[in-house]
Amino acid sequence: MGGGLRLNMNALDYLILALYFVTVLGVGFAARRAIKTSVDFFLSGRSLPAWVTGLAFVSANLGALEIIGMAANGAQYGIMTVHYYWIGAVPAMVFLGIVMMPFYYGSKVRSVPEYLRLRFNRPTHLLNAISFAVAQVLIAGVNLYALALIMQALLGWPLWVAIVVGAVIVLAYITVGGLSGAIYNEVLQFFVIIAGLVPITVIGLIKVGGVNGLMDAVRGSDLGDAGLHAWQGTGSTDNPLGAHWLGIVFGLGFVLSFGYWTTNFAEVQRALSARNMSAARRTPIIAAYPKLLIPLVTVIPGLIALITVKGLGADEGDLVYNNAIPLLMRDLLPNGVLGVAVTGLVASFMAGMAANVSGFNTVFTYDIWQAYFRRDRPDEYYVRVGRIATVVAVVVGIGTAFIAAGFSNIMNYIQALFSFFNAPLFGTFIIGMFWRRMSPLAGFWSLLSGTVVAIGTYLLYRGGVISFNSDLEESFWGAGLAFVTAAVVAVIVTPLTRPKSDSELTGLVYGLSDTTLADDSLAGDAAWYRSPVLLGVVAVILAALFYIPVF
Amino acid sequence: MADHEDRHYQGGEAHDPLVDETEDAREERSGAARLFDIRRVIGGLFVAYGLIVGLMGLFDSSAEIDKAQGVRINLWAGAVMLVFGLLMLLWQRLSPTEAPESGEES
């Protein structure tokens with residue numbers, strides 16, 4: 001085993017890590033008092049303020065795979081990595097808040113699959129509920145495995161000890177504290193992650209001579225001047241990412257990004273737990289602001305590692321791109337901030353895994369167990385089912401962690417999963433939301449055929465029948481084809497089948513708003529700086545402005 | 001698979017039995033109002049981190065300062081975390097009303 005990454009942690013560094021574990025568990029147990037009903041357990045009783053749900057929203061996506069992966073991309077592809085944030089996330093988050101949230105929150109659905117049950121029919125619902133549940137457990141396993149790998153490399157913990165410690169802590173705080181435990185910890189984790197990453201960036205920048213020094217050094221590196229531009233050179237595929245601007249705008253910026261941010265229940269769940277419509281709409285928009293700035297502590301350290309770590313970018317061993325952040329921690333951080341940085345990494349793994357597990361237990365309980373197995377039980381019964389589902393999810397997650405150990409590149413595995421499930425789902429969703437004539441059967445066939453096309457494209461590519469320049473290009477194309485298929489099938493099947501009546505669709509589709517919806521706004525919601533539309537527009541403008549210096 | 005059994009329209013409002021059941025339970029006896037304020041926890045943890053890291057910074061050896069490119073990073077990071085933690089606690093003190101209130105409303 002490569003001892004080269006081993007960090008020199010002292011007792012006080014471990015104290016910082018231990019203090020974090022104790023706090024996280026404490027939050028879980030303290031949140032237990034607030035659980036009286038199933039909605040308290042699965043959706044925090046729809047009671048949280050927007051800043052809490054907003055930070056949880058961004059944290060749920062800030063799994064360590066994201067941090068480590070984006071730093072690796074920063075080192076490998078340079079500044080183009082910011083596309084994953086500024087065009088690949090912010091517009092979709094704003095769209096979710098401004099356009100889609102009124103349907104989600106206003107219809108009082110308890111999950112994304114449940115929206116499909118009301119808008120279309122039970123087959124569509126069951127298909128989505130099962131595929132979501134399976135995907136969440138698989139991804140939770142990947143997170144757990146990645147956590148264990150890092151713990152093993154940095155701290156020398158055996159793989160299985162790290163897997164069990166990580167799993168047991170997440171299990172404890174979600175089983176006991178429900179979604180409130182998960183969300184409160186995500187807010188805490190957000191700040192700990194940032195506290196861990198900022199010192200790496202600051203010291204790293206000093207080492208390379210500030211921003212100008214970094215830019216000069218990148219120009220002199222293998223990446224060259226192209227590593228400092230986001231759009232230049234995207235008229236062809238002759239750029240570090242190998243992507244044409246059309247692919248970036250439509251593949252990443254539209255299909256993949258909107259699919260992920262607007263239909264992924266592990267994200268949307270955070271907004272559904274907000275205390276009223278205004279807070280729910282602001283949730284993803286508030287999250288967009290930190291998202292705009294996160295490249296500063298992921299992409300920049302990636303570039304710093306490219307300059308300062310000799311030989312980074314090896315195919316295997318300690319110098320792979322994925323180790324960019326751990327290597328900088330080893331080289332630059334003294335004890336003290338080192339403990340905070342390790343805690344930040346651990347926190348980000350837990351945030352990612354907790355989001356998957358809390359999404360899973362809700363969908364399993366409400367959308368599978370209550371809808372198809374045991375209806376009409378008292379509400380407390382479903383809280384118990386949710387707790388058992390959490391235990392099962394984590395135990396199965398430990399199993400899938402060992403499956404993930406069999407894949408050489410776990411990031412590609414995750415990307416493939418997203419293109420299977422999110423892209424076709426977004427196609428079905430967006431058409432169903434805006435075209436009220438779309439029939440229930442069209443919903444089912446559109447979702448099924450889109451999913452089959454995405455999986456089929458992936459399998460044909462793996463089997464060597466069709467070829468793409470890179471795995472990344474495959475995921476753009478797979479997602480794009482799935483989206484188009486879902487749309488075409490919806491348009492073909494709808495005229496042949498019976499639509500739902502307007503009264504059944506009230507509050508679920510564009511143009512049929514539920515006029516009886518009670519106004520749930522709180523004092524102060526009307527303030528101009530709390531307007532979702534204004535906040536959203538400003539976020540998108542900022543994203544565009546941020547591109548100017550790195551065009 | 002009779003979909004119309006799921007969602008029906010009654011008294012000008014759309015109803016789904018499964019959604020209604022849990023929403024009714026929540027409106028009657030949600031415990032969410034007893035949820036504590038997370039700002040206290042964040043503030044507390046960061047004050048502790050600030051003190052630990054800041055104190056370590058006071059006693060940093062020159063080797064450690066050299067490793068961090070001559071920056072007394074522990075001192076700085078400790079101070080920033082301490083101030084951040086105190087600000088969180090202060091915010092919670094000044095506007096404690098952010099506690100969940102949907103429980104009492106209905």
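Just the heavy atoms: all of them, side chains too, but no hydrogens, waters or symmetry mates, feed the values below. Throughout, a chain's letter reflects where its sequence line sits, starting with A, and its residues are numbered from 1.
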A:Y184 ring center within less than 6.0 Å of B:F36 ring center: yes

Distance, nearest 0.5 Å, that separates CG of B:D24 from OG1 of A:T37: 11.0 Å

Neighbours of chain A found in residues 60-69 of chain B - heavy atoms under 4.5 Å: B:E64, B:K67, B:A68, B:Q69

Interface moiety of A:L188 toward chain B, non-hydrogen atoms closer than 4.5 Å: both

Basic-acidic side-chain contact under 4.0 Å: A:R375, B:E21: no

Partners meeting side chain to side chain donor-acceptor pair (under 3.5 Å) with A:Y381 (sequence neighbours left out): A:W369

Parallel, tilted or perpendicular, as decided by the 30° and 60° cut-offs, for the rings of B:F46 and A:F191: perpendicular

Contacting moiety of A:V27, where chain B heavy atoms sit under 4.5 Å: both

Segment of A:S501 engaging chain B (4.5 angstrom heavy-atom cut-off): neither

Closest heavy-atom pair and its distance - A:G45, B:A32: CA-CB, 4.1 Å

Per-residue contact mode, A:V52 against chain B (heavy atom under 4.5 angstrom): side chain

Residue among A:R117, A:R110, A:R119 satisfying salt bridge (Lys or Arg N to Asp or Glu O under 4.0 Å) with B:D16: A:R117

Toward chain B, the part of A:A195 with a non-hydrogen atom under 4.5 Å: side chain

Greater than 12 external heavy atoms within 6.0 Å of A:R32's CZ: no

